Colleague: 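Shown below is the structure under consideration.
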Amino acid sequence: MTPCVLVFAGLDPGGGAGLAADILAIAAQGAHPLPVATAITAQDNNRVHAASPVDADWIARQAAPLLAAFDIGAVKLGIPGNAANAAAIADVIRTLRARRPTLPVVLDPVLASGYGDALGQGDAIKALRELLALATIVLPNLPEHKALGEIHGTQMLVTGGHAAGDTVVNRWLLDGVEARAWHWPRLPHGYHGSGCTLAAALAARLALGERMEAALDAAQAYTHHTLAQSYALAPGQRIPRRLLQLTTS
Ligand SMILES: Cc1ncc(COP(=O)(O)O)c(N)n1
């Protein structure tokens with residue numbers, strides 16, 4: 001059966017990040033996305049102009065029919081929008097975990113856009129706190145890792161895209177101790193939605209039943225490929241190519 005990944009994330013109508021990115025990245029792994037909207041945003045490939053959370057009631061309302069009808073193999077968390085939405089998402093996860101205690105939950109702790117634009121209301125770290133405690137693995141970039149610190153009992157993949165150098169080093173930490181590091185050749189551009197792509201692909205791989213190390217391998221290789229094959233819609237950040245191109249030779 002095709003496994004489902006329940007996604008909580010914001011809508012980027014530019015199609016570069018958030019739900020649109022997650023849907024493509026999950027489908028590309030062979031899993032089925034269940035996209036629950038947490039916020040509506042106004043953005044292009046570079047800047048976030050505005051973000052508005054959905055009513056917190058609508059988190060449970062969107063998720064309820066999905067929980068009733070579908071077998072959920074993993075959860076991917078992007079921006080919650082505000083603290084009330086984060087609490088409602090945490091309730092959904094607790095319901096799912098009561099059925100399946102080992103349910104993988106992948107959290108992309110988005111504190112701001114690449115340019116530092118806000119993606120929600122209120123203190124983003126405070127809103128994430130309850131979700132961080134429920135996550136199986138958290139994928140912070142270097143600035144996010146610095147802001148969050150270590151989270152006891154939670155695995156992390158700290159992505160090194162923000163450091164200098166010809167290689168991007170992604171570090172897998174178990175309780176703060178490095179289990180493995182991956183080295184990827186640095187690509188020459190900036191990308192919109194690369195963090196979303198990696199977290200969504202990882203959640204899909206876990207839903208497909210892969211073990212964490214294999215899933216991390218596959219999700220990073222896929223993400224690197226989407227960046228290497230990226231395309232431009234406008235000057236500035238490029239868009240990861242998340243769907244394979246069919247050749248017609
Ligand atoms: C709705 C939404 N969610 C997340 C991001 C961050 O994207 P990135 O993966 O580039 O950090 C974004 N720009 N918009």
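Just the heavy atoms: all of them, side chains too, but no hydrogens, waters or symmetry mates, feed the values below. For ligands, and for the atoms within them, numbers begin at 1 and follow the listed sequence. These figures come from a predicted structure and were not determined experimentally.
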Colleague: Within ligand 1, which atoms have a heavy atom of H192 less than 4.0 Å away?
Modeller: 10 (O), 13 (N)
Colleague: Does the side chain of F8 come within less than 4.5 Å of V92's, by heavy atoms?
Modeller: yes
Colleague: Test of understanding: clusters of I, L, V, M, F, W, Y form through side-chain heavy atoms closer than 4.5 Å, transitively. Do V106 and V158 belong to the same one?
Modeller: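 No; tracing contacts between hydrophobic side chains, which count when under 4.5 Å, never links both residues.
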Colleague: Which protein heavy atom lies closest to atom 10 (O) of ligand 1, and at what distance to 0.1 Å?
Modeller: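 For this ligand atom, the closest protein heavy atom is G193 N, 2.8 Å.
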Colleague: Under 3.5 Å, is there a donor-acceptor pair linking the side chains of R47 and S113?
Modeller: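 No pair is found: no donor N or O on one side chain lies under 3.5 Å from an acceptor on the other.
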Colleague: Among protein heavy atoms, which lies nearest atom 12 (C) of ligand 1, and at what distance?
Modeller: A17 CB, 3.5 Å
Colleague: Are any of the N/O atoms on Q43, whether in the backbone or the side chain, positioned under 3.5 angstrom from an N/O atom of ligand 1?
Modeller: yes
Colleague: Give the numbers and elements of all ligand 1 atoms closer than 4.0 Å to a heavy atom of S194.
Modeller: 9 (O), 10 (O)
Colleague: Is there a side-chain contact between L77 and I89, using heavy atoms and a 4.5 Å cut-off?
Modeller: yes
Colleague: Counting only heavy atoms closer than 4.0 Å, does ligand 1 sit against the backbone of A21, its side chain, both, or neither?
Modeller: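 Neither part.
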Colleague: When D44 is tested against each of Q237, H192, H49 for side chain to side chain donor-acceptor pair (under 3.5 Å), which residue passes?
Modeller: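 Of the listed residues Q237, H192, H49, the side chain to side chain donor-acceptor pair (under 3.5 Å) partner of D44 is H49.
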Colleague: Does any N/O atom on G195 come nearer than 3.5 Å to any N/O atom on ligand 1?
Modeller: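 Between G195 and ligand 1 (N or O atoms, distance only) the closest approach is under 3.5 Å.
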Colleague: For the residue pair G30 and L208, what are the closest heavy atoms and their distance?
Modeller: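 Scanning both residues completely, I find the closest heavy atoms to be O-CD2, 4.2 Å.
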Colleague: Between L119 and ligand 1, find which residue part has any heavy-atom pair under 4.0 Å and reply side chain, backbone, both or neither.
Modeller: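 Side chain only; the backbone of L119 stays clear of ligand 1.
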Colleague: To which protein heavy atom is atom 4 (C) of ligand 1 closest, and what is the distance rounded to 0.1 Å?
Modeller: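 The closest one turns out to be C196 SG, 3.8 Å.
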Colleague: To the nearest 0.5 Å, what is the distance between CG (L142) and NZ (K146)?
Modeller: 10.0 Å
Colleague: Verify the contact flag for atom 8 (P) of ligand 1, where contact means a protein heavy atom under 4.0 Å away.
Modeller: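 Yes, there is one.
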Colleague: Which ligand 1 atoms, with their elements, are less than 4.0 angstrom from a heavy-atom of G10?
Modeller: 1 (C)
Colleague: Do you see a donor-acceptor pair shorter than 3.5 Å between the side chains of D217 and W182?
Modeller: yes
